[in-house]
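Inspection log for the structure reproduced underneath, given as structure tokens.
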There are 4 protein chains.
Amino acid sequence: MIGVAVLGAGRIGKIHARNVALNPRCRLVAVADPMKEAAAALAGALGAEAMTDARAAIARPDVQAIVVGTPTDTHVDFTLDAARRGKAVLCEKPIDLDIKKADAAVAEIEKLGAKVMIAFNRRFDPSAQALKKAIDAGAIGDVHQVIITSRDPSPPPATYTNSGGIFRDMTIHDFDMARFLLGEEPVAVVASASCLVDPEIGKSGDFDTLMVILTTKSGRQCHINNSRKAVYGYDQRFEVFGSAGMLMNDNLRATTLRGYTESQTEIRDPLLNFFLERYDAAYRIELDAFIDAVADNRPMPVTARDGRQALRLADAALESATTGRAVKV
Amino acid sequence: MIGVAVLGAGRIGKIHARNVALNPRCRLVAVADPMKEAAAALAGALGAEAMTDARAAIARPDVQAIVVGTPTDTHVDFTLDAARRGKAVLCEKPIDLDIKKADAAVAEIEKLGAKVMIAFNRRFDPSAQALKKAIDAGAIGDVHQVIITSRDPSPPPATYTNSGGIFRDMTIHDFDMARFLLGEEPVAVVASASCLVDPEIGKSGDFDTLMVILTTKSGRQCHINNSRKAVYGYDQRFEVFGSAGMLMNDNLRATTLRGYTESQTEIRDPLLNFFLERYDAAYRIELDAFIDAVADNRPMPVTARDGRQALRLADAALESATTGRAVKV
Amino acid sequence: MIGVAVLGAGRIGKIHARNVALNPRCRLVAVADPMKEAAAALAGALGAEAMTDARAAIARPDVQAIVVGTPTDTHVDFTLDAARRGKAVLCEKPIDLDIKKADAAVAEIEKLGAKVMIAFNRRFDPSAQALKKAIDAGAIGDVHQVIITSRDPSPPPATYTNSGGIFRDMTIHDFDMARFLLGEEPVAVVASASCLVDPEIGKSGDFDTLMVILTTKSGRQCHINNSRKAVYGYDQRFEVFGSAGMLMNDNLRATTLRGYTESQTEIRDPLLNFFLERYDAAYRIELDAFIDAVADNRPMPVTARDGRQALRLADAALESATTGRAVKV
Amino acid sequence: MIGVAVLGAGRIGKIHARNVALNPRCRLVAVADPMKEAAAALAGALGAEAMTDARAAIARPDVQAIVVGTPTDTHVDFTLDAARRGKAVLCEKPIDLDIKKADAAVAEIEKLGAKVMIAFNRRFDPSAQALKKAIDAGAIGDVHQVIITSRDPSPPPATYTNSGGIFRDMTIHDFDMARFLLGEEPVAVVASASCLVDPEIGKSGDFDTLMVILTTKSGRQCHINNSRKAVYGYDQRFEVFGSAGMLMNDNLRATTLRGYTESQTEIRDPLLNFFLERYDAAYRIELDAFIDAVADNRPMPVTARDGRQALRLADAALESATTGRAVKV
């Protein structure tokens, strides 16, 4: 039975803590958050101990695995602290906003041989897993093109200014999925980015509408499109085109209901609104995969290096959008 | 906090017990099953007490609600025992295979004013709830026709001989859904039944392939079709046609994956195989609805009389299939 | 080059005449209609001769094939007149409203060995042809159940009183499709019929909402549902369920457009409104099949006996709806 | 009645000639092709005169409109010849492979005020028309992103070497659709192109797999992906995402048939194989739109300048794919 401490009792920490509690191979030992009440509420509901000091939680002898769900600028510190103590880590994305800091962290993690997994939850969505499995089974021959459509239902609140910009905050998930589905590392990035949703976003130097093309060494291509505001809900679609066919994943809806009226047919529900609902199963499967890898002493399914690579692509895309050049990576 | 005892530690008892454990408004106190090991295993996993005597479980002062998941011929006895003791009951369908016994039970339950709910799980499927809500909101005007397609992936094992026949065992769910969706009581039943799947079923006097038409007093109609064997999986579809439109519910699948190959397009997964997977959410929502009605002292969402009405329609359909006449109910 | 005369310059006559003109193996020689202007307009547009006397058109030596698109009560007379003269006939459905008259006509046609085809257009819809071909190729094993959904967008005008009632006018198409898809003759019919759309229809002794079950000797079943008013358009769906799978045909729409808005997703166009649009291709393929059978001296793809059988089922369904009994056929 | 001459009796000439013959506002006067037999066969079947000299056909006094379906390198010459003689022209795409020649032609056409339409058939597809109409009606607010998926079923024969490369031959259609749907001129182009389908294509200096991003002045974006080989058929999909919703057009299939088997569900037909089948209706509507514009003296729905703009985007995309830079246009 693996003892787990969850760092951060916010939105994402709650998800992870609940999934730790549901997993029969581990036990939720502690929840740490500087906001005392938040830690107490979450820990109390799940029968764990509330703490305010993350480092103390990491250091506990009854804790073998850490889930890092704290603000981005603490990810590397907590992860390395845990790694140095020989603990396994599931760290939220992004590993950091600064590629140099990320590089240094990955180097140390790899040198330590530490078990660190980056929480790219979308890989663990049942449809994404089925898609990857079908690709790997050769269902569509060689992969030629990947199309990723990824649009949020609405922009983050104006207070969310430390995101690192849309490429590092939002597109980073898509860069990881691109690598997951392409089966090869991208070597060139071109991007176009605009501000069409909210001028305030533009004033802060960020974008809300973008398109990217990644190209791999052998010439495989991946297109990503993002918008911060899809009025019809959280839009998450994946298409993989290959020499022998095509595979597609569509959005999820709460029900199968379809309506026919005098003026319209096949009317369906809106999409599941946002990532917590849409990736509910994915978060649980992700946590289970982490615990299984720890318990069975197997390699992490998503590594710190994966986190670094996605960040590198985000930086390159931002550079391309700004300079109008293809950026080699 | 409502104390709950689950009677029966079989397939369906496990589902209910798990859902009792997940519901924060109740507590799983005991699991009773004459098979000592089964009771112990289920109770142990969920932190409850294992018992072998159902009546002792019903009588416990720390138990206010009973879930009856035992063989059909014990449903009425355990339900009445609990009702007489003032306990709330969630009883699996059918209430009984004998309409006279069902009638007597309903009469006593109603006289007692007892809280008894029949576990017609399909009503609680999220898509069924959305369908009913849309009908009630007038989305399609007056209901004119209901089409229920309901096919099992494979016949029950030959040992399952006390089912009461396909109409009372399988179609009974559809009769309940018909009443749920029609918004009026059926007054006439016609049916056609055959044995096309397995001759052994016919030899035992039962059918495996059937079609029914129900007609209400105002002339609304409902068609039900059943087969004991749909090779593509558990097929559960609902269509409601009205004066102002149509609503449809389709099957569920494990993923959204669609494949395109040289010879085929839009290829999707098989359907979820059978009722435990297909109605996983429905079972949980059903249990929650039961507990809410008990805790808030509100009417049961599905009553013993609903259970009796479905049985009456099953008897009438069997009679029609045998005699070739419309049977009035 | 087969010379063709089209009898009747109304809605259906126009369709057939246009398709005759498009077929390179035949030539439209004459259009006959007692309404002089109608005949002249249609014949003029297609380079044929306008006539007012149908019998004169039938008798023309330059005419080898007759298309009967006149009112129902003239179908048998014109068909027999043509058959006796050795001409091939494509006769609109129904062959007649009176089963005795239909029986006599079929007997004479068969005795003459005449080439008479009944215009059950739906069989020739490309999707229906593909469905039948797949069934015949064994794609779903043995047929067990057929479900036919067939709803008109709106009732016929009140002046359309000689239709013979909904079973003989509208359901007759579905009875033919049932026979086409079941692969066996129905031997028993049960039906339920109501008047829910327009009370005037009920006052005239007819129905507007109905459900039927047909059963074949081996126990195969077919369900048909009809409504005279589907506000969302002409609804034509077919489902065939067998021992090894299922096949379905859906409705057609004018475009593939799907819309997503703040409140709804997957919104599609209304259905093609009515039979002339929906079965546009079917009418053309039907005419081509008729001409091919004539030119190549092959058996008619739909015979007068097929027309008679559908009428017999219509009569039986009406009797069942009225008496509440299964009617043997 | 407008007299029409069709130049070119090949695959595309046949389509246009048939549609001229079907249009009641014009008359097919002549078909001209240096291949005498081809001209004779096509003209003969449609009751027109066969000619071998295109210029003689253009000069005929009974001809007011010319359809140019000849090899690309003759497009400009025949179009200008006709324009100078005051005749209307429907010219196949591309107007030319050389932007300078195209520029000169457009300049002269505009100076002459000549009626010249470029045959971008996809704009006239009923689904594309419905899509454009919905956008213009404000159904999705402001357009933010357009996604065009356009894949051929198989590469052109090796003998088809004068195509000008994939960007000018294949993507040019997509550039036109991008302009049609974006509602603004693209000002920047980035592209990535590879050879993954057939190494021979790469040896000839061309590509078979590509992705493009177009950006307009206000920041709207359009992604195009192309492949020369989609094994599942001719893939033509369009998605337009806006501030108030999304619109999508899917592929067409020959039938609505869907199959369910033991291992798969929702199996549909392959796509319509290639452009002649897929855009059958579009070609007819395009011809009708041309004739209507000529007969009613209205502006051409697609102009020579539209043809030039698409070519300019093709050149820019090729430059971007080669240099790795965004190209301004």
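The basis for the numbers below is simple: all heavy atoms, side chains too, and nothing from hydrogens, waters or symmetry mates. Throughout, a chain's letter reflects where its sequence line sits, starting with A, and its residues are numbered from 1.
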What part of [X] gets closer than 4.5 Å to chain B, counting heavy atoms only: side chain, backbone, both or neither?
X	answer
Thr209(C)	both
Val212(C)	backbone
Leu214(C)	neither
Asp142(C)	neither

Under a 4.5 Å heavy-atom cutoff, which of Ile213(C), Thr215(C), Thr149(C), Ile140(C) has the most pairs with chain B?
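Of the options given, most contacts go to Ile213(C).
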I'd like to know whether [atom1] of [X] has more than 12 heavy-atom contacts from other residues, nucleotides or ligands below 6.0 angstrom.
X	atom1	answer
Glu262(B)	CD	no
Arg237(C)	CZ	yes
Arg325(B)	CZ	no

Side chain, backbone, both or neither: which part of Cys222(B) has an atom under 4.5 Å from a heavy atom of chain C?
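For Cys222(B), backbone heavy atoms alone lie under 4.5 Å from chain C.
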Can Ser194(B) and Gln221(C) be counted as having a side-chain donor-acceptor contact under 3.5 angstrom?
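Checked: Ser194(B)/Gln221(C) side chains pair up, N/O donor to acceptor below 3.5 Å.
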Does the side chain to side chain contact (heavy atoms under 4.5 Å, CB included) test come out yes or no for Asn225(B) and Ile147(C), once each step is laid out?
CA-CA 9 Å; Asn225(B) 65 69; Ile147(C) 319 280; 3.1 Å; yes
Closer than 3.5 angstrom, by distance alone: can the side chain of Gln145(B) be matched with the main-chain N or O of Met211(C) as a donor-acceptor pair?
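Not at all, since once roles are kept as given, no pair shorter than 3.5 Å links the two residues.
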Report the distance from atom NE2 of His144(C) to atom CG of Asp208(B), rounding to the nearest 0.5 Å.
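His144(C) atom NE2 to Asp208(B) atom CG measures 7.5 Å (nearest 0.5 Å).
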Once you round to the nearest 0.5 Å, how far does CD of Glu239(B) lie from CG of Asp235(C)?
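Glu239(B) atom CD to Asp235(C) atom CG measures 7.0 Å (nearest 0.5 Å).
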Compare every heavy atom of Phe241(B) with every heavy atom of Lys229(C), then report the nearest pair and how far apart it is.
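Taking every non-hydrogen atom into account, O-CZ, 3.3 Å.
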If the contact rule is any heavy atom under 4.5 Å from chain B, which residues of residues 180-193 of chain C qualify, in numerical order?
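Answer by number: Val190(C), Ser192(C), Ala193(C).
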Top contributor to chain C contacts, counting heavy-atom pairs under 4.5 Å, from Gly245(B), Gly141(B), Gly242(B), Cys195(B)
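The residue among Gly245(B), Gly141(B), Gly242(B), Cys195(B) with the greatest pair count is Gly245(B).
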